[in-house]
Amino acid sequence: MEKDKNKRKLRICVATCNRADYSKLAPIMFGIKEQSDGFDLKVVVLGSHLIDDYGNTYRMIEQDDFDINTRLHTIVRGEDEAAMVESVGLALVKLPDVLNRLQPDVMIVHGDRFDALAVATSAALMNIRILHIEGGEVSGTIDDSIRHAITKLAHYHVCCTRSAEQHLIAMCEEHDRILLSGCPSYDKLLSAHSKDYMGILRTWLCEDVKSREYIVALQHPVTTNIKHSVKMFEFTLDALITFGKRTLILFPNIDAGSKEMVRVMRKKGIEKNPNFHAVKHIPFEQFIQLVAHAGLMIGNSSCGVREAGAFGTPVINLGTRQTGRETGENVLHVRNADSQTKILQALQLQFGKLYPCSKIYGDGNAVPRILKFLKSIDINEPLQKKFCFPPVKECSSQDIDHILEIQSALAVDLGGTNLRVAIINMKGEIMKKYVQANPKTYKERIELILKMCTEAAAESVNLNCRILGVGVSTGGRVNPGEGVVLHATKLIQEWESVDLRTPISDALHLPVWLDNDGNCAALAEKKFGRGKGVECFVVIITGTGIGGGIIHNNELIHGSMYCAAELGHIMVSLDGPECTCGSKGCIEAYASGVALQREAKRLHDEDLLMIDGMSKSGEAVSAIDLVCAAKLGNLEAQKVLKTASCALGVGIVNILHTVNPALVVLSGVLAAHYEDGVKEVIAQRALPSARAVDVVVSGLTEPALLGAASMVLDYATRRTY
C-alpha cells in the first residue's frame, strides 16, 4: 500500500492538431482527467486548431474544461504541397522546447496528419514513448504513408478494427504492444444517438427541417491529385444544386488544394444559396447528431465510412481518399466521380435509405480499454523498439488482459412454437442459449425478442465474447435486404409487414441480418454442416412446418419476390389436405409436425392410435405419439408416415428436376423418419440422371440458430470492399 502511495503519476501528453483528431482524442482525455490519481494530463494544441479560417477550434478544447499547456502556431499558409512541408519543418523547430518543458512519459498521437508526423518524429528523437491511435488502417492516399511512418516511430498501438490489427502485425510490431480497442469516438456516438436532436438540427439548418430530409456534405482535397479532386468537388456541388435538397456543407480541411475548393464554393454561390448552409466547424457532439439524422452524407471524409455507419446513415463516398477503409453496407462508393450525372444518380439511389447500424469500428468501450492499456506501460523497461521478423500466425496479438475476445454472433430463431436466442462463436459452438414460448401477439413478441437479446448481449461480456451482430431466423416470407417479414403462415400470428431490423438494431447498436428459417438452415449446412464445400445443394426442414433453402453456385437463392425455396408449399396433390397457407395438397399438409399431429388426433379419436407398449399420458396427442406408435408396429400410424414420406419424396423429385442439386439434406426432428421413404421415391420416380443425388440427414442440432449466426459471422468479418 505504501508503495502505491509513493508511485509517481504517469505524465501523459496529448497532441491535437485539428477538429477531426480532437473528436477521437477527447474521450481519452476525459478518461485520463477522471483518473487524475494515476495520470497527469498535459495538452499541446497546434495545427489548424489555431487558425481563424478553420474556426479557431482550440476554443472547444477550452469549453471542455481542459487546460491547454502549450499553443504552437505551426501552419505555414499557402494550402499547397510546399506549405505542408514547411509546416512540418516549423513544428519540428518548435516542439523540442515544449517537450523539454513538459517532460511527458507518454505522448499520444492520433492518425495520419502531417502535423501528427512532426509530433511523433520529435517525441521519438527525444526518447519519449509514443502511443499511436488508429494505426494499421488503409485509406488510399498520402495519409497511408504518414500513418505507417508514425506506426514505425510509435512504441504502443491502439487500433480500431481486426483488419488494422493484422496490418500492424504484418508490419512487424510487437504483438503485446497492440491493443484492439475500437474507435474512441464510438464511446460518444453510441450514447449520443438517443439524445434530443431537433434543436441541433434547427440551429445548423432551419426551423422547418425534418429528420432524414437533409444532406451533410464534407469533402477534402486529395493531395496526390489536387487538380482532379477540385474538379470532382465542382461536380459534387453541381449535383447537389440540381438535387435540390437542403444541405449542410462543411469547409474542407487545411490540406493542399483546400483554397481552390473554397474558391469553387464561392464561384457556385453556395454561401448565398438558400438550400445550403456552409460552416467552418461544428462541435463534434452536435455534428454526430446531424450525421445520425441525415438523409444522406456525401464526400470523402473518413467520418462517412466510420462514424456514419454507427447510425446506418446512407453515405456516398467519392473518389479514392477512403479506398482502403472497411465500410458498412450503408456506403455507396463512386470511385471515378468524373461527372455530375454519375454523382446525381448516386444521390437518387442513396438518399433517405435505411441501413442497419454497424459496429465495425467500435462497440462503445474503447476508452476503458485504452486507460487500462496505459496503466500497463512500464516506463522503466527499455525504450528501444523491437520488431517481430517475420510476422507470426494470424490473430496472435493480445488485448490488455492478454486474452482475445471470441468473435461471436447473437442468433435468434423465431419458430411456430418457441423463441430462441443463442450466443454462437466462429466455430459454430453455442456458448449460451435462451428459450421461451413464442407469444401470440406482435407486441408481446417484439418485447420478448428485445428482452432476450439484451440479456444475451449483457451475458456475452461474462463469456468473453465480442458480439459482431444479430442474425434472425424466422418463419414466413422475408425481404432480407430491408430486414422485413413480409408475411407468415398461420403458425405465427400477427407477423405481416414487420420491420425486425430497426428495433433490434436501435436497441443493441448492432447490425442485424434477417432471413427465412429454411434459408438459414441452408446457410448453416453450408458453413458448418453437410453442405460445406458443396456448390449446389438443397436443405429440407421437417418440423412444425416444412421449409427449406437452395444453395446454387455457392449462393443462396431468394427469388424475385423472396419466396424461392418455399419447399413446404410445393403441391404434390390437386386435392389433398388443407395447408396452413390456405391451399391444398402441399408437402406441409402431409409431412409437417402439424399434419402428423392432425392425423394422430384422428387415429386417437377413432381409437386406432394406442397399442401395447405405449403409455397413455393425460396430455393431448402429438406427432411424437404417432411416430412411437409406428415404431411399435401400429399399421395405421405406419401408413400415415409412409404417405408423409411419399409426399415429401415427390416434392423432392420435383426439386431435383428443377435445380439438379448434388446433395439433399434432410433437417429437423422428423428427418430421420423420412430418409428411407424419400430415397425410395427418388429411386422409383426421378429421372435416371437425377437418381444419383446424395440424400443425407443433417448432423446439426440447431440449424436455424447456426444459420442465423452464419449470416453475421460471414458478413461482419469480410467488410473490406
Side-chain angles (χ1 to χ4, degrees), residues 10-29 32 39-51 54 57-58 61 66-76 83-137 139 142-159 168 173 177 184 223 253-256 302 370 373-374 377 379 383 385:
L10 193 67
R11 188 174 296 122
I12 308 291
C13 182
V14 177
T16 173
C17 312
N18 54 60
R19 66 191 182 195
D21 78 11
Y22 182 66
S23 69
K24 315 293 176 62
L25 293 169
I28 304 172
M29 293 163 66
I32 292 171
F39 299 114
D40 180 15
L41 176 64
K42 304 295 180 184
V43 180
V44 174
V45 173
L46 65 159
S48 61
H49 271 311
L50 302 169
I51 297 179
Y54 294 88
T57 50
Y58 73 89
I61 304 172
F66 289 114
D67 293 328
I68 298 176
N69 298 91
T70 300
R71 294 177 175 82
L72 283 182
H73 291 271
T74 57
I75 297 298
V76 176
M84 290 169 63
V85 176
E86 291 168 358
S87 296
V88 171
L90 183 58
L92 288 171
V93 169
K94 291 186 174 185
L95 278 164
D97 287 341
V98 174
L99 298 180
N100 270 328
R101 175 167 53 84
L102 296 179
Q103 291 290 309
D105 297 311
V106 178
M107 171 68 74
I108 296 181
V109 179
H110 170 272
D112 51 27
R113 306 293 301 144
F114 59 85
D115 325 68
L117 178 62
V119 173
T121 302
S122 300
L125 291 173
M126 296 183 71
N127 291 324
I128 297 168
R129 298 168 196 275
I130 301 165
L131 185 144
H132 185 208
I133 309 290
E134 291 186 12
E137 296 186 15
S139 58
I142 189 64
D143 295 349
D144 282 345
S145 299
I146 295 175
R147 186 187 308 108
H148 301 332
I150 296 174
T151 290
K152 302 320 294 178
L153 293 168
H155 304 81
Y156 306 95
H157 311 275
V158 171
C159 57
L168 291 172
E173 295 301 316
R177 293 192 174 196
T223 55
N253 64 21
I254 200 169
D255 282 352
S302 62
I370 293 169
F373 192 57
L374 281 169
I377 293 176
I379 61 173
L383 183 66
K385 282 188 66 170

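The first residue of the sequence shown is numbered 1, and numbering continues consecutively from there.
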[X] vs [Y] side-chain heavy atoms within contact, under 4.5 Å:
| X | Y | value |
| --- | --- | --- |
| S122 | V119 | no |
| L50 | I75 | no |
| Y22 | T57 | no |
| I28 | V158 | no |
| I32 | I108 | yes |
| N253 | N18 | no |
| K94 | H73 | yes |
| H132 | T151 | yes |

Please name the pair of heavy atoms, one in [X] and one in [Y], separated by the smallest distance, quoted to 0.1 Å.
| X | Y | answer |
| --- | --- | --- |
| I150 | A120 | CG2-CB, 4.0 Å |
| C159 | L168 | CB-CD1, 4.0 Å |
| L102 | C13 | CD1-SG, 4.1 Å |
| D105 | R129 | O-CB, 3.5 Å |
| L153 | A124 | CD2-CB, 3.9 Å |
| V109 | A116 | CG1-CB, 3.6 Å |

Checklist entry - Can you find a side-chain donor-acceptor pair between H49 and T16 that sits under 3.5 Å? => result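 Yes, a side-chain donor-acceptor pair sits under 3.5 Å.
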With rounding to the nearest 0.5 Å, note down the distance linking [atom1] in [X] to [atom2] in [Y].
| X | Y | atom1 | atom2 | result |
| --- | --- | --- | --- | --- |
| L117 | D143 | CG | CG | 11.0 Å |
| I254 | R19 | CD1 | CZ | 10.5 Å |
| H155 | M107 | NE2 | CE | 12.0 Å |
| N100 | L95 | CG | CG | 11.0 Å |
| I12 | L131 | CD1 | CG | 8.0 Å |
| T121 | M126 | OG1 | CE | 13.0 Å |

Checklist entry - With distance as the sole test, does T74 use its side chain to make a donor-acceptor pair with the main-chain N or O of G47 at under 3.5 Å? => result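 Between the backbone of G47 and the side chain of T74 there is a qualifying donor-acceptor contact (under 3.5 Å).
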Item to check | N/O donor-acceptor pair under 3.5 Å between N69 side chain and V44 backbone | outcome: no
Item to check | Pairwise side-chain hydrogen bond (donor to acceptor under 3.5 Å, both in side chains) hits with a residue in residues 106-116, at least two apart | outcome: H110-E134, D112-R147, R113-D255
Next on the checklist: Go through it in stages, so that I can follow the logic: the residues are L374 and I377, the test is side chain to side chain contact (heavy atoms under 4.5 Å, CB included), and I'd like the CA-CA distance, side-chain angles, deciding distance and then a yes or no.
Outcome noted: CA-CA 5 Å; L374 281 169; I377 293 176; 4.0 Å; yes
Item to check | All ring pair (Phe, Tyr, Trp, His ring centres under 6.0 Å) counterparts of F66, not counting sequence neighbours | outcome: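 With neighbours one apart ignored, the set is F30.
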